[in-house]
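Step one of this worksheet: look at the structure below.
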Amino acid sequence: QVQLVQSGGGSVQAGGSLRLSCSASVYTSPYTCTAWFRRIPGKERDWIAAIFGDDGSTFYGDSVKGRFSISQDGPKKTVYLEMNSLKAEDTAMYYCAALPANRWNCGSLRESSFTIWGQGTQVTVSS
């Protein structure tokens, strides 16, 4: 069973940057979609970005497009979320998730589809 271990996050002032990491415990198929979600207390997890392992295709939600960047390091079995120009409204618990998928649906998969999740990491942005 693949496990996802997250690292990174923390507290930063508005306008600052943080990087989150999501590392798989074992090598996964390149036909894997890895996504980042975030949850504000009292709300559902929102999808924010995804990457398709085989060709590195990336997908972003409107709220983070142009500010966040998702990338992968295959040999390290790690997916990153680089977060720039952070805003107070980016404050949330961030989760990564993975699922076997194809290039064409990776950008549209949402919370209910994913079966493997990281433990979550808190990001707090102060204004």
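What's counted below: heavy atoms across the whole structure, side chains too, no hydrogens, waters or symmetry copies.
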Rounded distance (nearest 0.5 Å) linking atom [atom1] of [X] with atom [atom2] of [Y]:
{"X": "Trp36", "Y": "Tyr60", "atom1": "CH2", "atom2": "OH", "result": "12.5 Å"}
{"X": "Ser11", "Y": "Leu86", "atom1": "OG", "atom2": "CG", "result": "11.0 Å"}
{"X": "Thr124", "Y": "Asp90", "atom1": "OG1", "atom2": "CG", "result": "11.0 Å"}
{"X": "Ile70", "Y": "Glu82", "atom1": "CD1", "atom2": "CD", "result": "12.0 Å"}
{"X": "Leu81", "Y": "Gln6", "atom1": "CG", "atom2": "CD", "result": "10.0 Å"}

List for me each residue that meets side chain to side chain contact (heavy atoms under 4.5 Å, CB included) alongside Gln72, sequence neighbours excluded, and say none if there are none. Ile51, Val79
Quick check: closest heavy atoms across [X] and [Y], and the distance to 0.1 Å?
{"X": "Ser25", "Y": "Gln1", "result": "OG-O, 4.0 Å"}
{"X": "Tyr95", "Y": "Gly118", "result": "CD2-O, 3.8 Å"}
{"X": "Phe52", "Y": "Ala101", "result": "CE1-O, 3.5 Å"}

Ring centres under 6.0 angstrom apart (Phe59, Trp47): no
Indicate whether any N or O donor in one side chain lies under 3.5 Å from an N or O acceptor in the other, for [X] and [Y].
{"X": "Asp73", "Y": "Thr78", "value": "no"}
{"X": "Tyr94", "Y": "Arg38", "value": "yes"}
{"X": "Arg67", "Y": "Ser85", "value": "no"}

